[in-house]
Number of protein chains: 2
Amino acid sequence: MTTRSKSTASEKTTSFQGQKAAQQRQTRDKILAAATRVFADYPYHSASIRMIGKAAAVDHPLINYYFPTKAALFEEVLKNETEKYYLANISWFAGLAELSPAKGLSLYIDRFFGFALKNRAALRIITLNLVQAENAMIIPGYKRIQGFFSRTAQTFMQAIPLQGSKREIKMFTTNFNTLAINYLGADTYYAGIMGMEPGSRRYLKWVKENLMYVFLPQLKQIVGGQGPG
Amino acid sequence: MTTRSKSTASEKTTSFQGQKAAQQRQTRDKILAAATRVFADYPYHSASIRMIGKAAAVDHPLINYYFPTKAALFEEVLKNETEKYYLANISWFAGLAELSPAKGLSLYIDRFFGFALKNRAALRIITLNLVQAENAMIIPGYKRIQGFFSRTAQTFMQAIPLQGSKREIKMFTTNFNTLAINYLGADTYYAGIMGMEPGSRRYLKWVKENLMYVFLPQLKQIVGGQGPG
DNA sequence: AGCAGATTTTAACGACCGGTAAAATCTGCT
DNA sequence: AGCAGATTTTACCGGTCGTTAAAATCTGCT
């Protein structure tokens with residue numbers, strides 16, 4: 001694709017053991033990164049191998065050299081992003097057990113937002129592919145997207161001492177995640193409705209206010225005597 | 001496409017004024033109905049004219065005879081469905097002003113569910129096309145989808161005497177609609193998470209319980225002294 | 001320098017897409 | 001019966017899709 005600089009003698013002499021492997025991993029990672037960007041902007045069936053190739057500055061058949069199929073590439077991206085989210089989600093609970101529900105929830109949301117702003121891809125890929133078409137055109141890794149919610153519920157239960165029933169807790173986390181993911185993952189849409197700019201401080205403030213307003217009472221009910229968010 | 005029964009003499013004699021126009025409207029409606037079904041299953045860019053043709057048992061170029069472009073067809077479907085929803089939404093408020101918040105909200109949700117079960121398309125089309133890709137591939141009628149939420153907020157304010165600020169009310173309706181549309185429009189996904197059957201009584205019960213649990217306290221705050229849902 | 005294998009590029013495949021043009025058919029009318 | 005116009009079917013256009021095969025290039029090694 002790009003006119004490659006012919007290797008000179010000097011380059012050759014500087015070569016060391018493992019450079020080839022490093023180079024290979026570099027290309028693969030470049031493709032993976034580009035795929036993550038593209039899949040964060042287009043749902044699976046609208047994103048194309050050629051788009052990804054262009055985004056990675058690579059001829060598109062090279063993608064098939066590193067990844068057998070588009071589905072396999074998507075699944076790897078999805079696995080990376082959901083895993084990243086899962087680990088981040090665990091970290092957001094650190095130290096929350098000692099706070100009041102109000103302060104705990106507030107801090108949790110702040111941490112959530114911090115992650116979401118730096119890792120657009122994770123939330124976007126979920127929102128873009130969550131709503132599914134008929135069984136005919138299921139999305140690869142669909143179960144992984146579904147598992148997403150269940151895992152956050154488990155994390156919640158392990159991180160915070162709770163009173164409510166398991167059913168109640170799953171209801172709470174599902175509601176929270178559904179609203180949060182919609183507002184952050186489909187920010188263009190919802191900010192548009194509210195007459196705000198998608199990434200703006202004002203919009204984020206609105207989302208937080210919203211989440212606090214809706215979920216603080218529910219949280220107080222779930223948490224034992226004093227507790228977290 | 002289908003082998004057409006050659007018109008016989010008897011058929012000719014029974015023809016009356018307006019039959020041709022009726023026949024034309026019939027084909028157009030058949031296409032429109034098929035398009036509604038297809039667009040309720042696939043997002044705009046995944047649905048195809050050929051799919052719709054097959055669903056309507058019609059050769060696909062015939063669609064272009066009645067609708068100039070795919071975009072125009074989609075916009076007409078979208079207009080019909082959002083209008084249907086809008087009018088239904090108004091009717092759900094009838095008689096609610098005299099009820100308590102709890103009874104009012106419960107009845108409102110029941111009416112909502114009744115509509116959603118009979119008119120899958122309206123909610124599905126919205127959920128499938130709400131989350132947007134980059135500006136590059138905007139969906140025709142996107143503003144109409146966005147207007148959807150604003151109109152329900154207005155209906156709410158006109159139907160029920162309220163106390164809260166306009167901002168608060170819009171927050172309430174946006175939250176409610178977002179959750180309700182997700183749970184009903186993407187029922188395959190959420191029912192799957194909860195280990196239930198998408199259309200089942202059990203799942204609908206869960207959704208209603210959920211909505212009541214989240215929004216009843218918020219509603220009580222918005223409604224004046226006594227009030228509706 | 002020249003070989004072997006890894007990597008990249010080029011070219012092409014069959015399938016589907018939205019849309020168009022022209023041929024075929026049907027319909028209502030004289 | 002035969003014409004005119006509406007409707008439907010057939011054939012095709014240029015374009016994009018995922019994937020494959022083969023050619024070209026690069027790399028590390030002797």
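Throughout, protein chains are lettered first and strands after them, A, B, ... in sequence-line order, and every chain is numbered starting at 1.
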query = Atom CG of B:L62 to atom P of C:dA22: distance rounded to whole Å?
reply = 18 Å
Partner set under side chain to side chain contact (heavy atoms under 4.5 Å, CB included) for B:A47, not counting sequence neighbours = B:V38, B:F39, B:Y42
inquiry  = My understanding is that only residues two or more places apart in sequence, or in another chain, count here; which of them pass side chain to side chain contact (heavy atoms under 4.5 Å, CB included) with A:T152?
reply    = A:Y85, A:N89, A:N177
query = What salt bridge (charged side-chain N to carboxylate O under 4.0 Å, His left out) pairs are there with at least one residue in residues 171-186 of chain A, not counting sequence neighbours?
reply = none
key: Contact under 4.0 Å: B:T27 side-chain N or O vs D:dT8 OP1/OP2   = yes
message = Between P on D:dT16 and OH on A:Y42, what's the gap in Å once rounded to a whole number?
response = 14 Å
message = Please enumerate all residues that pass salt bridge (charged side-chain N to carboxylate O under 4.0 Å, His left out) together with B:E168, with sequence neighbours excluded.
response = none
request  = Measure up the A:W206 and A:Y203 rings against each other and bin them: parallel (under 30°), tilted (30 to 60°), perpendicular (over 60°).
outcome  = parallel
query = Atom CG of B:D59 and atom P of C:dT25: how far apart are they, to the nearest Å?
reply = 13 Å
request  = To the nearest Å, give me how far apart OH (B:Y65) and P (C:dA21) are.
outcome  = 15 Å
inquiry  = Do B:R151 and B:Y86 form a cation-pi contact, if we require the NZ or CZ to be under 6.0 Å from the six-membered ring centre and within 45 degrees of the ring's axis?
reply    = yes
key: Protein-to-nucleotide contact annotation, 5' to 3' order, nucleotides 17-24 of chain D [B base; S sugar-phosphate only; - none; under 4.0 Å, heavy atom]   = BBBB----
Partner residues of B:D110 under the side-chain hydrogen bond (donor to acceptor under 3.5 Å, both in side chains) criterion, sequence neighbours left out = B:K208
query = Listed by chain and number, what are the side-chain hydrogen bond (donor to acceptor under 3.5 Å, both in side chains) partners of B:R167, not counting sequence neighbours?
reply = A:E209
request  = Please report, rounded to the nearest Å, how far the P atom of C:dG19 is from the CD1 atom of B:I31.
outcome  = 14 Å
ask   = Separation of B:I63 atom CD1 from C:dT20 atom P, in whole Å?
value = 14 Å
message = For DNA chain C, please output the secondary structure as dot-bracket, reading 5' to 3'. Pairs are Watson-Crick or G-U wobble, both atom distances under 3.5 Å; mark crossing pairs with [ ], other-strand partners with |, unpaired with a dot.
response = ||||||||||||||||||||||||||||||
ask   = Does B:K84 have any side-chain hydrogen bond (donor to acceptor under 3.5 Å, both in side chains) partners at least two apart in sequence or in another chain, and if so, which?
value = B:E81
message = Given C:dT7, C:dT9, D:dT8, identify the nucleotide with an atom nearest to the side chain of A:Y66.
response = C:dT7
ask   = Whole-Å distance between C:dC17 C1' and B:I52 CD1?
value = 12 Å
